[in-house]
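Predicted, not measured: the structure shown is a model, and the values here were computed from it. In what follows, chains are A, B, ... by sequence order, proteins preceding strands, each numbered from 1.
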Amino acid sequence: MHAMPTRPPTQFELRVYRATTKIPRGRVTTYGLLARHIRCRSAQAIGQALSRNPFAPEVPCHRVIASDMTLGGFAGRSGGKTVARKNELLAAEGVEFRTGRLLDPERRLYRF
DNA sequence: TGGTTGACAGTCC
DNA sequence: CGGACTGCCAACC
């Protein structure tokens, strides 16, 4: 494994990470809601920043899911084993998914 | 359900 | 600097 030379987080990424730390344990928010909170019009840009989160899981990017209540991506990918890991981290906080969807969104969704 | 279109940060010419 | 391209997305057909 060759560790590619990395890059320090940009100001934008730090803003995203700071907002992410505000999500309480046991709750989740969406890429879009997080974007709105920091006044960014691109939810995808949020996903990009989180995909490079060097502070996971201290900066709990696993608590950010898609607007359709599916898991979204994790660790730089959109599917497979990495997403299973995201699911685990959430399950450990009591956040559960059935058939790919968040259970009890009314209680679990954090709206800032 | 699925395709299209909008938005935008970061990367690489 | 400019433009093309990609990406843990999302609103709207």
Notebook entry, point to check: Within the structure shown, what part of the strands sits under 4.0 Å from A:F74 by heavy-atom distance: base, sugar-phosphate, or nothing?
Noted result: base
Margin query: Tell me the interatomic distance from A:D68, atom CG, to C:dA11, atom P, rounded to whole angstroms.
Written below: 10 Å
Next item on the list: Could you check whether A:A35 gets within reach of a base, just the sugar-phosphate, or nothing at all, counting any heavy atom under 4.0 Å?
Entry: nothing
Next item on the list: Check the hydrophobic clustering (I, L, V, M, F, W, Y; side-chain heavy atoms under 4.5 Å; chains of links allowed) and say if A:I65 and A:L89 are grouped together.
Entry: no
Notebook entry, point to check: Out of C:dT6, C:dC8, C:dC9, which nucleotide sits closest to the side chain of A:K86?
Noted result: C:dC8
Note to self: If you assign A:G32 and A:S42 each to the DNA chain C nucleotide with the nearest heavy atom, which residue ends up on the more 5' nucleotide?
What the structure shows: A:S42
Notebook entry, point to check: Using the C1' atom in both, what is the distance from B:dT1 to C:dC13, to the nearest Å?
Noted result: 13 Å
Margin query: Can you tell me how far apart CZ (A:R85) and CZ (A:R77) are? Round to the nearest 0.5 Å.
Written below: 14.5 Å
Next item on the list: Pick base, sugar-phosphate or nothing for A:G76, based on heavy-atom distances below 4.0 Å to the nucleic acid.
Entry: base
Next item on the list: Can you label the angle between the A:F55 ring and the A:Y17 ring as parallel, tilted or perpendicular, going by 30° and 60°?
Entry: perpendicular
Margin query: Nearest whole Å is fine: how far is C:dC8 C1' from A:L90 CG?
Written below: 13 Å
Margin query: Can you confirm whether A:L71 sits close enough to A:L90 that some side-chain heavy atom of one is under 4.5 Å from a side-chain heavy atom of the other?
Written below: yes
Item checked: Pairwise C1' distance for B:dG6 and C:dG7, with rounding to whole Å -> 15 Å
Next item on the list: Tell me what A:S67 touches on the nucleic acid: a base, only sugar-phosphate, or nothing, going by heavy atoms under 4.0 Å.
Entry: sugar-phosphate
Checklist line | 4.5 Å side-chain heavy-atom contact, A:M69 and A:T30 | finding: yes
Notebook entry, point to check: Which is the 5'-most and which the 3'-most nucleotide of DNA chain B that has an atom under 4.0 Å from a heavy atom of chain A?
Noted result: B:dA7 to B:dT11
Check: Given atom CG of A:L34 and atom C1' of C:dA10, what is their separation to the nearest angstrom?
Finding: 14 Å
Next item on the list: Enter the distance from A:L109:CG to A:I23:CD1 here, rounded to the nearest 0.5 Å.
Entry: 10.0 Å
Item checked: Nucleotide C:dA10, atom P - distance to CD1 of A:I65 in whole Å -> 9 Å
Notebook entry, point to check: For DNA chain B, whose closest nucleotide is more 5', that of A:A43 or that of A:Q48?
Noted result: A:A43
Item checked: Reported CZ-to-OH distance for the pair A:R63 and A:Y110, which is rounded to 0.5 angstrom -> 11.0 Å
